[in-house]
Amino acid sequence: MSKKAKTAIIPTRSEDFSEWYQQVIKAADMAENSPVRGCMIIKPYGYAVWENIQRIFDKRIKEGGVQNAYFPLLIPLEFISREAEHVDGFAKECAVVTHHRLEKDVNGKLQLAESAKLEEPYVIRPTSETIIGDAMARWIQSYRDLPMKLNQWCNVMRWEMRPRMFLRSSEFLWQEGHNAFETKDEAKEDAYKMLDAYADFAENSLAIPVIKGEKTDDERFPGADITLTIEAMMLDGKALQAGTSHYLGQNFSKSCGIKFQSREGGEDFAHTTSWGISTRLIGAMIMTHGDDDGMIMPPRVAPYHVGIIPIIRDYADSDKILNYARDLMDKLKAQGLCVKLDESDVRTGNKMWGMIKQGVPIRVEIGAREVENGTLTHVRRDLGRDSKTSCSVDVFVNSVNDILDLIHNELFTRALKLRDKNIKNIADLSELEAFFKDGNIGFARMDVKLIEDDDYKRICKDYSLTSRCKPFCDNGEKVLVGKAY
RNA sequence: CGGAGUGUAGCGCAGCUUGGUAGCGCAACUGCUUUGGGAGCAGUGGGUCGGGAGUUCGAAUCUCUCCACUCCGACCA
């Protein structure tokens with residue numbers, strides 16, 4: 001059997017994309033399904049990616065004057081109902097807490113204690129606009145208290161009918177930022193600014209090219225005046241909303257009572273924004289960069305930048321090789337890199353495939369030859385075995401950051417090329433239908449006026465399409481249409 | 001909630017039509033030989049066959065009934 005033809009992930013992307021996606025997660029040991037339907041267990045390797053996302057983005061928003069805080073998981077039902085559109089949008093996916101105690105029945109089985117039924121049920125937060133708005137209403141008295149910029153890293157729950165790991169789980173992790181401003185202009189500007197932060201983060205940290213744009217009316221966040229989005233295209237041509245930012249107008253400030261004394265002495269309602277990114281980004285990374293051998297981690301959020309594999313043929317060399325490898329690891333760590341030296345007692349081949357499936361950006365091999373010559377052999381995950389290179393330890397240590405940048409750029413460029421190749425300009429609705437009828441993948445780009453047509457709704461329904469966004473680069477005159485996750 | 005599948009060892013599956021001692025591959029464990037892109041041989045351990053009820057001398061297999069999961073829709077970051 002030819003080893004070349006063998007892929008680490010079965011099935012391949014072209015054979016069965018959604019099964020491939022599941023298998024990549026499993027092979028990379030990032031997450032698994034939990035006993036609770038719709039909820040996932042994020043394993044250490046997957047969580048490490050999330051921690052890197054948090055670390056990088058948290059630093060960024062703090063530089064922008066945002067402060068972290070924490071608000072309760074449980075939201076009084078009455079809070080959620082304050083904003084009419086908001087409650088309509090989320091009612092169908094709310095998990096509700098109705099009791100605060102369990103008790104044993106006559107058979108010794110646990111049941112809900114009737115005596116402990118809550119007067120007013122709580123909703124497990126699907127998002128926190130209302131409970132944060134309630135606090136802001138108390139905290140903001142004067143224009144001098146504005147702007148107020150708050151963020152929390154937390155979990156939220158939206159009951160899902162069809163969960164998919166990372167992309168759509170009933171419980172997921174995210175950050176939700178909630179900012180309040182004196183004027184409309186400031187708040188709107190903030191919504192755009194946060195979207196820029198997301199786009200920059202997606203492209204420069206995750207190597208995922210995104211299209212910034214505004215959501216059409218039917219796709220807008222419930223309760224928002226304007227919803228902005230970054231849309232990414234996955235390897236199968238489907239769209240994925242990778243981050244959103246909302247200008248909420250005075251909708252929530254009015255329903256939550258966020259008012260302040262203005263400079264003129266009158267009373268005014270604040271203009272608020274909210275903005276979020278979630279663990280979904282990890283799914284986006286998989287479906288943007290992964291290949292038939294598994295994950296390819298974008299270097300800037302990779303749990304390990306470099307994986308070192310000692311190659312021991314003769315146990316007499318073992319100490320020599322391991323010490324050499326440890327020295328290298330120390331040198332790399334001294335540069336702030338994350339390094340994994342695999343000293344485990346498994347076969348070399350298996351170690352290599354393990355690193356390939358986990359998508360470690362650079363793999364370094366060290367055997368007796370390297371120790372002898374003061375060199376090492378390194379391979380780029382994005383380019384595969386053909387990129388195998390030997391050089392001295394010093395050369396590698398001095399160039400490793402450049403190599404990581406090259407990998408980042410390669411991943412970004414690949415994704416960008418694929419995306420742009422799969423955006424098709426469409427003149428009218430019959431062309432739109434023909435495009436998706438022919439089984440084409442990707443986005444259709446067409447005049448935004450066409451979405452008013454009743455036939456547009458039918459085509460969307462027939463081909464499970466949605467309006468993804470009105471890209472800024474088209475001045476809001478065009479709309480991107482595609483299948484979405 | 002509709003439509004379609006699947007539940008048998010940690011994972012992937014066969015066996016079911018035609019009822020008769022629970023199987024295979026991978027993984028694990030032991031030993032020897034190996035080791036630069038998934039090693040070979042020999043051996044070992046591991047199961048309420050998704051749950052319950054029924055038919056039968058006998059059920060993984062037939063009948064009924066729950067349950068869970070996956071995929072395709074509707075809802076959505």
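Just so we're on the same page: letters track the sequence lines, and every chain starts at 1.
Minimum atom distance to the side chain of Tyr315(A) is reached by rU35(B), of the listed rA39(B), rU35(B), rC71(B). Comparing rG36(B), rC72(B), rG37(B) by their nearest atom to the side chain of Glu370(A) picks out rG36(B). With distances taken from any side-chain atom of Lys357(A) to the nucleotides rG38(B), rC71(B), rC72(B), the minimum falls on rG38(B).
To the nearest angstrom, P of rU35(B) lies 17 Å from CD1 of Ile309(A). Atom-to-atom, OH of Tyr485(A) to C1' of rC75(B) comes out at 17 Å; the value is rounded to the nearest Å. One atom, CH2 of Trp20(A), and another, P of rG12(B), lie 19 Å apart when rounded to the nearest Å. The interatomic distance linking Asp29(A) (CG) with rG10(B) (C1') rounds to 13 Å, in whole Å. Nucleotide rC71(B) holds its P atom 16 Å from the CE atom of Met161(A), rounded to whole Å. Rounded to an integer number of Å, the gap from Asn373(A) CG to rG36(B) C1' is 14 Å. The separation between Leu465(A) atom CG and rG73(B) atom C1' is 14 Å, rounded to whole Å. Computed from coordinates, the Asp345(A) CG to rU35(B) P distance equals 16 Å when rounded to whole Å.
If you take atom C1' in rU44(B) and the same atom in rG50(B), they sit 29 Å apart, rounded to whole Å. Using atom C1' as the reference point in both rG52(B) and rG10(B), the two lie 27 Å apart (nearest Å). Nucleotides rC26(B) and rA39(B) are separated by 12 Å at their P atoms, to the nearest Å. Atom P of rG43(B) sits at a distance of 38 Å from the matching atom of rG58(B), rounded to the whole Å. The gap from the P atom of rA14(B) to that of rU6(B) amounts to 9 Å, rounded to the nearest Å.
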Can you give me the N/O atom pairs linking the protein to nucleotides 2-9 of chain B at distances under 3.5 Å, or say none if there are none?
none

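If Thr244(A) and Asp314(A) are placed on RNA chain B by their nearest nucleotide, the residue sitting closer to the 5' end is Asp314(A). Residues Glu19(A) and Glu93(A) each lie close to RNA chain B; by heavy-atom proximity, the contact nearer the 5' end of the strand is made by Glu19(A).
Of all heavy-atom pairs spanning Thr244(A) and Tyr198(A), the tightest one is O-CE1, 3.3 Å. Of all heavy-atom pairs spanning Asn52(A) and Val301(A), the tightest one is ND2-O, 3.0 Å.
Remark: the Arg347(A) side chain and the rU34(B) base include a donor-acceptor N/O pair separated by less than 3.5 Å. Put simply, the side chain of Glu365(A) and the base of rG37(B) share no donor and acceptor less than 3.5 Å apart.
Here Glu176(A) lies out of heavy-atom contact (under 4.0 Å) with every strand. Among the atoms of the strands shown, base atoms are found under 4.0 Å from some heavy atom of Leu167(A). Residue Ala242(A) is out of contact with every strand shown, counting any heavy-atom pair closer than 4.0 Å. Among the heavy atoms of the strands, none lies under 4.0 Å from Thr127(A).
Electrostatic pairing of Asp217(A) and Arg220(A) counts as a salt bridge here, judged by a charged N lying under 4.0 Å from a carboxylate O.
Partners of Phe435(A) according to the ring pair (Phe, Tyr, Trp, His ring centres under 6.0 Å) rule, which considers only residues two or more places apart in sequence or in another chain, do not exist here.
Consecutive Watson-Crick or G-U pairing (both distances under 3.5 Å) extending over three or more pairs maps onto RNA chain B as B:1-7 with B:67-73, B:10-13 with B:23-26, B:28-33 with B:39-44, B:50-54 with B:62-66.
OP1 or OP2 of rG36(B) has not a single side-chain nitrogen or oxygen of Arg385(A) nearer than 4.0 Å. Proximity of Arg313(A) to the phosphate of rG36(B): no side-chain N or O atom is located under 4.0 Å from OP1 or OP2. When the side-chain nitrogen and oxygen atoms of Asn350(A) are compared with OP1 and OP2 of rU35(B), none of them lie within a distance under 4.0 Å.
Using cut-offs of 30° and 60° on the angle between ring planes, the pair Tyr247(A) and His271(A) is parallel. Between Trp275(A) and Phe57(A), the ring-plane angle classifies as perpendicular under the 30° and 60° cut-offs.
Between the Glu129(A) side chain and the Ser274(A) main chain, no donor and acceptor come within less than 3.5 Å of each other.
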